[in-house]
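Working notes for the structure below.
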Amino acid sequence: MAQMNFGGVIEEVVTSKEFSLEKAREVLKNETIAVLGYGIQGPGQAGNLRDNGFNVIVGQREGKTYDKAVADGWVPGETLFSLEEAAEKGTIVCMLLSDAAQIAVWPKIKQYLTPGKALYFSHGFAINWNDRTGVVPPADIDVIMVAPKGSGTSLRTMFLEGRGLNCSYAIYQDATGKAEERTLAFGIGIGAGYLFKTTFQREATSDLTGERGSLMGAIQGLLLAQYEVLRENGHSPSEAFNETVEELTQSLGPLFGEKGMDWMYANCSTTAQRGALDWAPRFHDAVKPVMQWLYYSVKTGNEAQISIDSNSKPDYREKLNEELKAMRESEMWQAGATVRKLRPENN
């Protein structure tokens with residue numbers, strides 16, 4: 001492991017320099033990796049592992065997603081099976097189904113988790129809240145996790161570009177004495193940029209907090225609030241959207257993502273600098289109590305239970321589509337659709 005300084009805090013991380021791809025192949029040479037689910041994370045992780053020379057099979061129900069797996073080169077009866085067949089054949093069984101689907105299939109899958117196998121996750125939800133999900137693994141298997149800090153699409157795209165997506169990793173249960181070695185090898189196999197250690201509990205709580213906070217929930221709320229204020233004060237949809245979303249995503253976001261917020265501040269106008277420096281603490285003080293409330297709701301399992309209850313309803317998909325349709329048809333995102341069409345690359 002390598003020690004790195006993160007803002008004055010020393011953390012140990014693992015890269016392919018410390019744990020080479022060759023070593024990963026050696027560690028997993030006798031393993032059959034069964035990727036259950038070919039939706040969000042499945043294609044990226046399975047594809048990267050296959051390209052890196054690991055023995056991978058996919059488990060997926062028949063339907064559009066199954067057909068996508070076939071189109072991606074997975075062969076029915078050879079490398080593509082039903083969920084149950086893949087779980088039976090795999091020595092590392094990867095639960096890359098949605099959280100709701102993991103709960104639903106667990107009674108069918110757990111019988112195939114025989115002694116010495118590893119049960120792999122990319123999210124700590126099912127295990128951390130297993131008093132609610134019912135996903136309680138047998139004591140004689142390894143329970144491990146590698147959680148890419150991004151979508152499966154990003155994992156695959158960055159891999160094909162010769163880059164790696166950062167991942168956390170955790171060991172919940174080490175029955176074989178080789179759980180950490182298996183986990184690190186898996187992380188290198190899927191093309192992790194670097195791996196940092198966490199726990200299932202910390203990953204699950206930070207992930208749900210991030211999704212509801214700065215990554216998705218809070219950003220939509222913030223953008224919509226600013227857009228509405230501009231529109232209420234007579235600004236056009238084009239002006240409101242450009243000043244709220246387009247400049248953030250197309251100009252500023254890539255800059256502070258690459259070089260940091262301080263660099264972006266140093267390279268904008270003096271008027272923007274002064275305003276940003278003055279208003280950042282006000283937003284911090286206004287938002288932090290909401291973030292603390294959010295974290296408490298996540299940590300106590302309230303958010304997990306809301307998700308479980310919602311996702312288990314028979315009309316869940318229909319109601320979700322209605323909510324997404326309302327967002328898509330809102331003026332702000334309709335303005336966004338027009339702005340995207342007007343970008344230079346689309347003309």
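Numbers here simply count residues along the sequence, with the first being 1.
Using a 4.5 Å heavy-atom cutoff, the side chains of Asn130 and Tyr172 are in contact. Between Asn346 and Leu342 there is no side-chain heavy-atom pair separated by less than 4.5 Å. Taking the side chain as every heavy atom from C-beta outward, Lys64 and Lys68 never approach each other to under 4.5 Å. Side-chain contact between Phe159 and Arg156 is present, with at least one heavy-atom pair separated by less than 4.5 Å. Counting heavy atoms from C-beta on, the side chains of Ile188 and Leu195 come closer than 4.5 Å. Looking at heavy atoms from C-beta onward, Lys149 lies in side-chain contact with Phe196 at the 4.5 angstrom threshold. Put simply, the side chain of Tyr120 does not reach to within 4.5 Å of the side chain of Val35, judged on heavy atoms. Put simply, the side chain of Asn242 does not reach to within 4.5 Å of the side chain of Glu247, judged on heavy atoms.
Linking ILVMFWY side-chain heavy atoms closer than 4.5 Å, directly or via other members, places Met145 and Trp129 in two distinct hydrophobic clusters. By the rule that hydrophobic residues join a cluster once side-chain heavy atoms approach within less than 4.5 Å of another member, Val58 and Ile40 end up as members of separate clusters. If you chain together hydrophobic residues whose side chains sit under 4.5 Å apart, Ile141 and Phe200 fall into the same group. Hydrophobic cluster membership is shared by Tyr66 and Tyr38, with clusters built from Ile, Leu, Val, Met, Phe, Trp and Tyr side chains linked at under 4.5 angstrom. Hydrophobic cluster membership differs between Ile33 and Val93, with clusters built from Ile, Leu, Val, Met, Phe, Trp and Tyr side chains linked at under 4.5 angstrom.
What you find for Trp74 and Ala46 is that their closest heavy atoms are CZ2-CB, 3.6 Å. Nearest heavy-atom pair across Val298 and Ala204 is CG1-O, 4.5 Å. When all heavy atoms of Leu113 and Pro138 are compared, the closest pair comes out as O-CG, 3.8 Å. Ile190 and Asn48 make their closest contact through O-ND2, 2.9 Å (heavy atoms, listed as atom of the first residue, atom of the second, distance). Met95 and Gln102 make their closest contact through O-NE2, 3.2 Å (heavy atoms, listed as atom of the first residue, atom of the second, distance). Between Val146 and Cys167, the shortest heavy-atom distance links the atoms CG1-CB, 3.7 Å.
Looking only at distances, no side-chain donor or acceptor of Lys178 sits under 3.5 Å from a matching main-chain atom of Val27. Remark: side-chain polar atoms of Ser297 are not paired, donor with acceptor, to backbone N or O of Trp293 under 3.5 angstrom. Of the possible donor and acceptor atoms, one in the side chain of Lys117 sits under 3.5 Å from a partner among the backbone N and O of Glu88. Looking at Arg231, its side chain does come within 3.5 Å of a backbone N or O of His235 through a donor-acceptor pair. The backbone N or O of Leu96 lies less than 3.5 Å from no partner atom in the side chain of Gln41, so there is not a single donor-acceptor pair. The main-chain N or O of Thr15 is found under 3.5 Å from a side-chain atom of Glu18 such that the two form a donor-acceptor pair. Without hydrogens or angle criteria, Gln60 side chain to Phe81 main chain gives no donor-acceptor distance under 3.5 Å. Proximity of a side-chain donor or acceptor of Arg25 to a complementary backbone N or O of Asn52 within less than 3.5 Å is detected. At least one donor-acceptor pair under 3.5 Å links the side chain of Asp142 to the backbone N or O of Thr176. In this structure, the side chain of Ser251 does not engage the main chain of Leu248 through any donor-acceptor pair within 3.5 Å.
A distance of 5.0 Å separates CD of Gln305 from CZ of Arg132, quoted to the nearest 0.5 Å. Of the inter-residue distances, the one linking Ser206 atom OG with Gln201 atom CD reads 9.0 Å to the nearest 0.5 angstrom. Separation of atoms CD1 (Ile306) and CG (Asn311) is listed at 11.5 Å; rounding is to 0.5 Å. Interatomic distance, CD1 of Ile171 versus CZ of Arg182, reported as 11.5 Å (0.5 Å rounding). Of the inter-residue distances, the one linking Leu160 atom CG with Asp51 atom CG reads 7.0 Å to the nearest 0.5 angstrom. Met332 contributes atom CE, which lies 8.0 Å from atom CE of Met327 (distance to the nearest 0.5 angstrom).
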Between Thr65 and Arg61, does a side chain to side chain contact (heavy atoms under 4.5 Å, CB included) hold up when you go through it step by step? CA-CA 8 Å; Thr65 306; Arg61 295 189 189 93; over 6 Å; no
Criterion side chain to side chain contact (heavy atoms under 4.5 Å, CB included) on Ile144 and Tyr169, from CA distance to verdict: CA-CA 8 Å; Ile144 63 178; Tyr169 76 97; over 6 Å; no
Glu246 vs Arg343, side chain to side chain contact (heavy atoms under 4.5 Å, CB included): CA-CA, chis, key distance, verdict: CA-CA 10 Å; Glu246 190 75 353; Arg343 287 176 186 165; 2.8 Å; yes
Start with the C-alpha gap between His123 and Leu208, add the side-chain angles, then the distance that decides, and say whether side chain to side chain contact (heavy atoms under 4.5 Å, CB included) holds. CA-CA 10 Å; His123 183 26; Leu208 264 68; 3.6 Å; yes
Which atom pairs, one a donor and one an acceptor, fall under 3.5 Å between side chains of residues 219-227 and the rest of the protein, sequence neighbours left out?
residue, atom, partner, partner atom, Å
Gln220, OE1, Trp333, NE1, 3.1
Gln226, NE2, Glu243, O, 3.4
Gln226, NE2, Thr244, OG1, 3.3
Tyr227, OH, Glu331, OE2, 2.6

Which pairs of donor and acceptor atoms, one on a side chain in residues 254-271, lie under 3.5 Å apart (sequence neighbours left out)?
residue, atom, partner, partner atom, Å
Asn267, ND2, Trp263, O, 2.8
Ser269, OG, Ala272, N, 3.1

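For the residue pair Gln45 / Ser122, a side-chain donor-acceptor distance below 3.5 Å is found, with atom types taken as modelled. Side chains of Glu180 and Thr183: no donor on one and acceptor on the other come within 3.5 Å. Between the side chains of Glu85 and Ser82, at least one donor-acceptor pair of N or O atoms lies under 3.5 Å.
For Lys299 and Tyr295, the positive end is not near the middle of the six-membered ring at less than 6.0 Å and at most 45° from its axis.
The one candidate from Leu83, Leu36, Val135 that meets the side-chain contact (heavy atoms from CB on, under 4.5 Å) condition with Val105 is Leu83.
Electrostatic pairing of Lys319 and Glu322 does not count as a salt bridge here, judged by no charged N lying under 4.0 Å from a carboxylate O.
Within a 6.0 Å sphere centred on CZ of Arg282, heavy atoms belonging to other residues, nucleotides or ligands number more than 12.
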